[in-house]
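What follows is a single structure, written as structure tokens, with notes after it.
A note on names: the letters A, B, ... follow the listed sequences, proteins ahead of strands, and every chain is numbered from 1.
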2 protein chains.
Amino acid sequence: MARLQNRPGAGRRRVSHSMDSVLTEAVALLDEAGVPALTFRALAERLGGGVASIYWYVANKEELLDRATDHVIGAVLADVEKLPATGDPIDDLRAMAMTLFDAIVDRPWLGPYFMRNTNIQGNSLRMYERLGRETLRLDLDARQRFHAVSAVVGVVVGSAVDMGQEPPKEVLDGAVDREEFLGRYAQAWRELDPAEFPFVHEIVEEFDGHDDVDQFRSALELTLAGLRLQAGA
Amino acid sequence: MARLQNRPGAGRRRVSHSMDSVLTEAVALLDEAGVPALTFRALAERLGGGVASIYWYVANKEELLDRATDHVIGAVLADVEKLPATGDPIDDLRAMAMTLFDAIVDRPWLGPYFMRNTNIQGNSLRMYERLGRETLRLDLDARQRFHAVSAVVGVVVGSAVDMGQEPPKEVLDGAVDREEFLGRYAQAWRELDPAEFPFVHEIVEEFDGHDDVDQFRSALELTLAGLRLQAGA
DNA sequence: CACAGCATCGAACGTTGTTCTATCGTAGCG
DNA sequence: CGCTACGATAGAACAACGTTCGATGCTGTG
């Protein structure tokens with residue numbers, strides 16, 4: 001029996017891709033089941049082509065993730081630019097941060113990759129610029145402006161990472177919903193010694209069933225209040 | 001020739017471990033070269049034993065990372081508890097957050113895993129309690145306290161994640177130092193169109209050679225200022 | 001029609017987390 | 001002293017992954 005070894009490209013119908021189709025399908029996989037679902041094999045199957053072809057468009061998986069991230073940030077940037085200006089830079093900053101956060105709520109996989117490599121992520125850089133431009137209207141020096149934007153981005157990413165950590169996988173399967181997952185945690189907290197954990201007992205009812213968006217908004221509000229104070233506005 | 005297949009445990013001298021030795025060596029690997037360096041095979045070799053033995057102590061890699069994280073957070077917690085109380089809860093909160101952040105600066109791999117699973121991470125939970133206890137002395141309601149601690153932890157983790165992202169690997173190899181790595185980024189930014197990126201140009205000199213600790217401290221200060229305002233103190 | 005080079009592809013490689021099953025070593029017991 | 005049960009250890013095998021290799025198809029240009 002003849003060995004058909006090392007005869008690549010024989011038999012199968014060829015398929016032609018494009019950077020855009022690669023990223024679109026990559027994002028689709030990420031949306032469906034997060035980062036673990038984005039494998040070169042799964043992506044190739046979805047594109048109807050071979051695994052190695054993808055390497056013509058991206059050098060490695062890291063670049064694939066960076067480009068996929070920037071791909072969706074492009075749409076978010078468009079949303080941000082459509083936001084009406086209120087005249088108050090801090091109000092505008094809040095609106096932009098909320099828009100950005102909403103996007104990450106929709107796509108929890110975004111969190112860890114957002115703003116990771118502005119060389120590749122051109123839209124992320126534009127987003128950074130857009131946020132920073134608001135600080136130009138505040139009475140701050142360059143360093144304060146730099147730190148202010150870093151702080152706002154930090155709040156967004158910090159909350160996003162906190163949220164984005166996949167619940168062991170029962171939730172992804174749909175076997176257990178988020179509510180129950182949180183509830184189990186809360187129950188474990190309630191059973192702690194109240195003398196040793198007074199604070200945890202104080203807030204456990206707030207934690208149980210809490211809304212991530214509320215949590216984020218509060219954190220953002222604290223930062224913005226501090227910023228307003230700093231700018232004397 | 002006799003096949004020596006499927007005769008495990010034959011020949012090699014047996015080694016006995018302990019939860020503590022497993023975690024200590026795991027942390028050593030993480031400290032040396034980050035998360036990618038912590039493989040079950042590398043860890044087994046370091047312990048002088050077999051790969052599968054580690055699975056008697058932890059169910060999987062996730063749990064290994066959670067336990068390793070909590071292992072070092074235990075030491076940080078001890079540092080935090082040694083901190084002198086100033087009488088001002090917000091000043092104490094700042095000191096604790098700084099201590100926590102310093103630990104993450106020393107061990108960048110900590111960032112993404114800190115506070116991930118308080119079921120396993122008992123020390124992280126105690127740290128959370130410790131931070132929260134300061135808010136009990138502020139004039140806030142339970143929800144505000146919950147959000148305040150979340151915000152502070154968010155700032156720490158957000159900055160830590162931002163910092164912890166391994167520079168492509170030239171820096172890890174020591175071929176390029178952090179200074180030059182930042183400088184290259186800054187250079188790329190300087191070459192952008194000033195009309196399109198006025199903010200980036202405004203802050204590029206601040207970015208170049210900036211100190212992560214400064215950046216973190218500023219973000220923390222904004223949050224704490226907002227908190228002080230909220231508590232009316 | 002030949003050629004160049006862009007784009008695609010199957011197969012193979014090395015590494016990883018994890019599981020399977022066999023084995024060792026000792027504490028308890030008669 | 002021997003036997004047994006069980007806590008603990010171990011090598012080999014497996015499936016999945018990212019990545020590389022070299023060959024092959026396709027298409028526009030001369």
Side-chain angles (χ1 to χ4, degrees), chain A residues 1-23 25-26 29-30 32-68 109 113 166 168-169 172, chain B residues 1-23 25-26 29-30 32-68 109 113 120 166 168-169:
Chain A
M1 165 175 156
R3 297 284 213 86
L4 291 188
Q5 237 166 278
N6 245 359
R7 300 223 295 99
R12 201 209 263 245
R13 183 45 144 275
R14 298 206 146 210
V15 174
S16 94
H17 308 318
S18 74
M19 187 75 240
D20 212 75
S21 66
V22 168
L23 295 184
E25 294 305 322
L29 281 168
L30 288 166
E32 279 169 28
V35 177
L38 178 58
T39 69
F40 279 79
R41 286 170 176 85
L43 182 54
E45 188 160 5
R46 232 187 154 92
L47 289 164
V51 195
S53 306
I54 304 168
Y55 281 89
W56 193 86
Y57 294 93
V58 296
N60 48 43
K61 187 166 188 182
E62 192 187 315
E63 190 186 317
L64 176 60
L65 276 162
D66 277 333
R67 297 203 115 99
W109 56 268
Y113 297 97
E166 335 238 339
K169 87 181 114 191
L172 264 183
Chain B
M1 163 177 159
R3 293 287 210 86
L4 291 189
Q5 237 167 283
N6 245 359
R7 298 222 298 98
R12 201 212 265 241
R13 184 44 145 276
R14 298 203 146 210
V15 174
S16 95
H17 308 318
S18 74
M19 187 77 241
D20 211 76
S21 67
V22 168
L23 295 185
E25 293 306 320
L29 280 168
L30 288 166
E32 279 169 29
V35 177
L38 178 58
T39 69
F40 279 79
R41 285 169 178 82
L43 182 53
E45 189 160 6
R46 234 188 154 94
L47 290 164
V51 194
S53 306
I54 304 168
Y55 282 89
W56 194 86
Y57 294 94
V58 297
N60 48 44
K61 187 166 189 183
E62 192 187 315
E63 191 186 317
L64 176 59
L65 277 161
D66 277 334
R67 297 202 115 99
W109 56 269
Y113 297 97
I120 289 179
E166 334 237 339
K169 88 182 114 192

Contact under 4.0 Å: Ser53(B) side-chain N or O vs dA10(D) OP1/OP2: yes
May I have the distance from Glu45(A) (atom CD) to dT8(C) (atom P), rounded to whole angstrom? 18 Å
For the side chain of Thr39(A), starting at C-beta, report the closest nucleotide among dT16(C), dC17(D), dT9(D). dC17(D)
Validation row: Leu64(B), Val22(B) side chains within 4.5 angstrom (heavy atoms): yes
Distance, rounded to the nearest Å, where Trp56(A) contributes CH2 and dT20(D) contributes P: 17 Å
Of Val51(A) and Tyr57(A), the one whose closest DNA chain C nucleotide lies more 5': Tyr57(A)
Is Leu38(B) touching bases, backbone alone, or none of the nucleic acid, heavy atoms closer than 4.0 Å? sugar-phosphate
Does the side chain of Val15(B) come within less than 4.5 Å of Leu47(B)'s, by heavy atoms? no
For His17(A) and Tyr57(A), take the angle between the two ring planes, folded into 0 to 90°, and tell me which bin it lands in: parallel under 30, tilted 30 to 60, perpendicular over 60. tilted
Let's see if you can work this out: which of dT20(D), dA10(D), dC9(C) has an atom nearest to the side-chain heavy atoms of Val15(A)? dC9(C)
Measure from CZ on Phe40(A) to C1' on dC13(C) and round the result to the nearest Å. 16 Å
What is the distance, to the nearest angstrom, from the CD atom on Glu62(A) to the P atom on dG18(D)? 13 Å
Rounded distance in Å - CD1 (Ile54(A)) to P (dT8(C)): 11 Å
Here the distance between atom P of dT15(C) and atom NZ of Lys61(B), to the nearest Å, is 15 Å
Pair of N/O donor and acceptor under 3.5 Å linking dC26(D) base with Arg14(A) side chain: no
With DNA chain D as reference, determine whether Ala52(A) or Ala52(B) sits nearer its 5' end, using the nearest nucleotide of each. Ala52(B)
Rounded at 0.5 Å granularity, tell me how far CG in Leu29(B) sits from CD in Glu32(B). 6.0 Å
Reckon His17(A) has a side-chain N or O less than 4.0 Å from the OP1 or OP2 of dC9(C)? yes
Counting C-beta onward and ignoring hydrogens, is there a side-chain heavy-atom pair between Tyr113(B) and Val35(B) closer than 4.5 Å? yes
From CG of Leu43(B) across to C1' of dT16(C) the rounded distance in Å is 14 Å
Here the distance between atom P of dC17(D) and atom CG of Asn60(A), to the nearest Å, is 17 Å
